[in-house]
Each structure stands twice: as structure tokens, then as C-alpha cells.
Protein chains: 2
Amino acid sequence: MPPNYSVSEENYIKSIHYLQQVNEAVSTSALAEHLNAKPASITEMLKKLQAKGLLLYNPYKTFRLSKEGNKVALIIIRRHRLWEFFLVDKLQFSWEEVHEVAEELEHVRSKKLIDKLDAFLSYPKFDPHGDPIPDANGKINIQQQLPLSRLPLNKQAVITAVQDQSSELLSFLSSLNIVIGTRLEIKRRLAFDNSLEIKCRNKQAVNISEQVAKAIQVNPL
Amino acid sequence: MPPNYSVSEENYIKSIHYLQQVNEAVSTSALAEHLNAKPASITEMLKKLQAKGLLLYNPYKTFRLSKEGNKVALIIIRRHRLWEFFLVDKLQFSWEEVHEVAEELEHVRSKKLIDKLDAFLSYPKFDPHGDPIPDANGKINIQQQLPLSRLPLNKQAVITAVQDQSSELLSFLSSLNIVIGTRLEIKRRLAFDNSLEIKCRNKQAVNISEQVAKAIQVNPL
DNA sequence: TAAATTTTTTAGGTTTGCCTAAAAATTAAT
DNA sequence: ATTAATTTTTAGGCAAACCTAAAAAATTTA
């Protein structure tokens, strides 16, 4: 059976994975900052993770997860994002408040639980923030998805999903001829309310609120 | 906000609560046995729980939970049983395999999570083993329910529910004129297979297997 | 490139929750 | 009512995961 890791070890692995996405290799101080701990504590854990084969590390140098470490990271991310999806989709949490609870749930170590949860949720591909959910083998869907609110100006994208807490939103959007699959780009971002002026192909530009923009998931082209 | 307790503290509280149901007051060695720990470790934690006002305890004497301690116990039991219900009802776990996973889930400390889970499950009154689920205020339905298999000999009880994995069981029982609301008592327990001889009011005694007895929930009178 | 600064590691504590072994209190037996 | 047996507590350690302060290495700057 696969080894189990402590909550603390899991949090280190997750943070290292996160910092690697920005920076390839990670420094002790960056990780200390991210984990809200002192550098001395980080060093200690680095040695432990290396001894377990999860980390590639030489004293006084930067470090990164080993192949095995990355596999473990993806398992934890999978748990986290599936729980987030569950909380929003089934328990009616708003997507701002799920993170903290998912932070605890992600450490419940049962593969069977997570795989059954995945099935129960109909194998969702993205969590409520638009981040992709790794599958049972730790594979992540290459296609990236993000909320329309985070799409750069003038970058074309296709709508892939709409978080329809109320189905009101969906009907509002379809009245604007905005549906899943619609191609669009942002022409202007209004600073005072973060509303967006978006343009669909050859139609006239329309204005949508930040809230709506956050609920729309897009896939940049 | 209400204080939070460590996983270890929660497990002690839960075990003390469990042992109290049988025995009013609990001894160090009984608790050590139940928690699979050494008596010396128990003593240590007892002092901690007493200091926090959860336990009524005098050195060298037996002990029991304070009012506050009981309240905490019921919160933990509520979490545990709701998760068990969720695992069986939504994730299709079989009721034998839920305990271990629920044992981990029960320590996720978010009142909001549990109350929303409760609502999502439509406020179930009993977990898959037939144990009552405390409500959001920690109140337990007075009417106690237990599997027929655990009913003491010659004690009258009324059938309150049948776990009908297959509806086959229900029709088998109704062929014996055993339905929800039927009053019965156990006349004999056969040691070699744990089957029961049960008697309904003024009818003839019938024999049922341990498996069936476990699926029938009763309310002792 | 040598000194100054920053980063990382080492060394030595602390807390939590467990342990063993010995001492103290309680309970049982003669 | 003593003595014997059992139970509980105290005393002193250990591991995990954190900490502070000092030492060592790496990096930057003059």
C-alpha cells in the first residue's frame, strides 16, 4: 500500500508544488513565507522529505519535488479540489468560503473515499475557482480554464462553463447570446467596479459585472 | 466562538462518552483499554480535560464528563454519524466499511460544514447502524433505536425501521407478519449462530438469523 | 576580490502526546 | 485489620513539529 504522510508533510508538499509552478525551484525563505513558519523549521522538514524520496535537495541550494513528490502533490490537490467542488455544488457554500474547509478535508486519507466522491460528483474537470482537478491517476487535463474575470485584455477565449448558483444567470447570459462555446474577448476593464466590456466575434460590445465575470469559466485560445 | 479541541482530545471525549453509556463513571484502565493506550497517558490527558472544564475527576477515582464535556461529545458524535450516513447514502459505501473513514472525517471542525451536510442529507435521524444523530443543538431524539440483535432478552420493543438493502427482506418479514410498529421480544439467543427466537405478542415464536436481526431497528419500551 | 549582506543551516529549547518503570493509593483477601 | 494484589499516578524519556539565536555558506556590493 502507498505510504501515508502527516498533515504537516502534506502541507509542505502542497506548498512546494505551488511555488514550483511560478518558479521551477524553491528557496527555503520563500517556502517559510508561504507556510508562515521560520526558515529553521523548513530546513528540518526538507531533510525529512528528502529522506523519504519526495524532494531533490542539496543543503544551501534551492530544491524541488521529485517525481514521487509531484505524484503525492497531485493526490492532495485532487482531494482539495474535489472537496471544493462538493462544498459549492452540493452543500451550497459560496466559492469564497470553501477554501478553509477544503484545507481540512484534503487531509482525510482514503483513496476509496476520494474516488467515490469523484464519481458522486460526476467526475468534474474543474473546481469552483476554475482550477483543473487531477483524475484518479493524478493526470491533469491540459486544457486550462479560468474565470473570465482573470482573462487578460484582448485575449480570445471560449466559454467552457458557468457557475449557475441561480439559473437566473444562465438565462441572463443566453439573452445576450452568451452560451457555453461562445468565443469572446475583453475590450476594457472599468476600474471603479471591475466590470468588463466584452465583445463576442462580430457583435456589439456588452458590459458585465465583476460577479458575473467570476462565474463564467473560459479557456484562452 | 466555541473553543476547538485537538484530534486526541476529541477521541478521549468520545471514548469517555461511550464508556459512560454502559457504566455511568469510567476508570483509567477501561479508558486505556478502549483507546489502546497506556494508563499513564490517560492520567495525563484527564488532567488536561479537567483543566478545560470538560471532565469531573478526582485523582485515584473514576471520572465522567462535565455538562460541557457531554456537549462536546455530542457534537463529535453528530459529525461522525452524519458522515457515516453520507458515505452510505450518497457515496455507496457499505455500512461495514464506513466507520474508519468517518473516524477521520469527524475531526474536521466546521459547524457550518456539518449543518449544511445535515441539510443536504435531509436531516437524517439515524445513522446506517441505527444510532441516533444529534441535531444541531446536540439534542438527541429521546426515542432510542437499536438493532434487534442488541436487544436484551425478554425486553419488549417495537420495530421502528428495517434496513432494506434488498426489498426482499421486507417481504420476507411481512410474510411473518413482522412490520414496522410490530411489538416483540427475544425469547432465546442461540449461541452457535447468534440466531434469535422472537415472539410477537400472542403469536408463535419464530427464528431469525443474526443478519436479519441486525437489519431490524427497534425501540425498547 | 574582499568585505558586507543575506540566506540557510545547526544547536539547543518548547509543547503535545505518547511511552516505561517506580511509587503511591485503593481495593481485595486472609 | 493487616497483608497482598490491583489500579492509578508520578517521574523521566522520546518523537514530531515548531521556535530563537548563533554559526556557516552563498550572494551581493564596493
Side-chain angles (χ1 to χ4, degrees), chain A residues 3-16 19-20 22-65 69 72-73 76 103-104 106-107 109, chain B residues 3-17 19-20 22-65 69 72-73 76 103-104 106-109:
Chain A
N4 272 354
Y5 301 103
S6 72
V7 170
S8 210
E9 287 169 329
E10 289 194 350
N11 282 332
Y12 273 77
I13 293 167
K14 201 171 48 129
S15 287
I16 296 169
L19 294 171
Q20 274 184 29
V22 179
N23 235 319
E24 183 72 34
V26 184
S27 75
T28 302
S29 51
L31 184 54
E33 165 101 356
H34 194 255
L35 278 170
N36 233 297
K38 302 295 159 178
S41 310
I42 304 298
T43 303
E44 217 175 80
M45 184 61 94
L46 294 181
K47 288 191 281 189
K48 214 176 301 180
L49 294 177
Q50 186 189 38
K52 295 191 180 188
L54 301 172
L55 195 69
L56 304 171
Y57 163 62
N58 292 103
Y60 292 104
K61 300 279 169 61
T62 58
F63 45 87
R64 61 197 175 81
L65 293 174
V72 173
I76 303 166
E103 211 59 24
E104 280 203 62
E106 77 186 2
H107 298 296
R109 293 169 268 270
Chain B
N4 272 353
Y5 302 103
S6 72
V7 170
S8 210
E9 288 169 330
E10 290 194 350
N11 283 330
Y12 273 78
I13 294 167
K14 200 172 48 131
S15 286
I16 296 168
H17 178 94
L19 293 171
Q20 272 184 170
V22 180
N23 236 320
E24 183 73 34
V26 183
S27 74
T28 302
S29 52
L31 185 53
E33 164 101 356
H34 194 255
L35 278 169
N36 233 298
K38 303 293 159 178
S41 310
I42 305 298
T43 303
E44 219 173 78
M45 184 63 94
L46 294 181
K47 288 192 280 189
K48 214 174 303 177
L49 294 177
Q50 186 188 38
K52 295 191 181 188
L54 301 172
L55 195 70
L56 304 171
Y57 163 63
N58 292 103
Y60 292 104
K61 301 277 167 62
T62 58
F63 45 87
R64 60 197 175 83
L65 293 174
V72 174
I76 303 165
E103 210 59 24
E104 279 203 62
E106 77 186 1
H107 298 297
V108 175
R109 294 170 267 270

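Here is how names work: the chains are called A, B, and so on, in the same order as the sequence lines, proteins then strands, and each is numbered from 1.
Of the possible polar contacts, one joining the A/Ser15 side chain to the A/Asn11 backbone as a donor-acceptor pair under 3.5 Å is found.
Following rounding to the nearest Å, A/Lys47 (NZ) and D/dA16 (C1') show an atom-to-atom distance of 14 Å. Spacing between atom OH of B/Tyr5 and atom C1' of C/dT16 amounts to 17 Å, rounded to whole angstrom units. In this entry the distance linking CD1 of A/Ile42 with P of C/dT9 reads 10 Å, nearest Å. What separates CG of A/Leu49 from C1' of D/dA17 is a distance of 12 Å, to the nearest Å. Atom P of nucleotide D/dT8 and atom CG of B/Leu46 are separated by 10 Å, given to the nearest angstrom. In this structure, A/Glu10 atom CD and D/dA17 atom P are separated by 11 Å, rounded to whole Å.
Side-chain contact between B/His107 and A/Glu104: absent, with no pair of heavy atoms (C-beta onward) separated by less than 4.5 Å. You'll find the side chain of A/Leu54 reaches within 4.5 Å of the side chain of A/Tyr5, heavy atoms only. Contact of the B/Leu46 side chain with the B/Leu31 side chain is registered, since non-hydrogen atoms from C-beta on lie closer than 4.5 Å. Using a 4.5 Å heavy-atom threshold, the side chains of B/Tyr60 and B/Thr43 count as separate.
Residue-level contact check: A/Thr43 touches the bases, meaning some heavy atom is under 4.0 Å from a base atom.
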Open item on the list: Walk along nucleotides 17-22 of chain C from 5' to 3' and tag each nucleotide B, S or - by protein heavy-atom contact under 4.0 Å, base first, then sugar-phosphate.
Closed with: BBBB--
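Phosphate proximity of D/dT8 to B/Ser29: present, with a side-chain N or O under 4.0 Å from OP1 or OP2.
Within residues 53-63 of chain B, the residues that have a heavy atom under 4.0 Å from DNA chain D are, in order of number, B/Tyr57, B/Pro59, B/Tyr60.
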Task: Intermediate values then yes/no, side-chain contact (heavy atoms from CB on, under 4.5 Å), A/Ile42 and A/Tyr12 - done: CA-CA 9 Å; A/Ile42 304 298; A/Tyr12 273 77; 3.6 Å; yes
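Taking a 6.0 Å sphere around CZ of B/Arg64, one finds it holds 12 or fewer heavy atoms contributed by other residues, nucleotides or ligands.
Among residues at least two apart or in separate chains, ring-ring contact (aromatic ring centres under 6.0 Å, His included) pairs with a member in residues 27-49 of chain B are B/Tyr18-B/His34.
Closest of all the heavy-atom pairs between A/Arg109 and A/Val7 is NH1-N, 4.1 Å.
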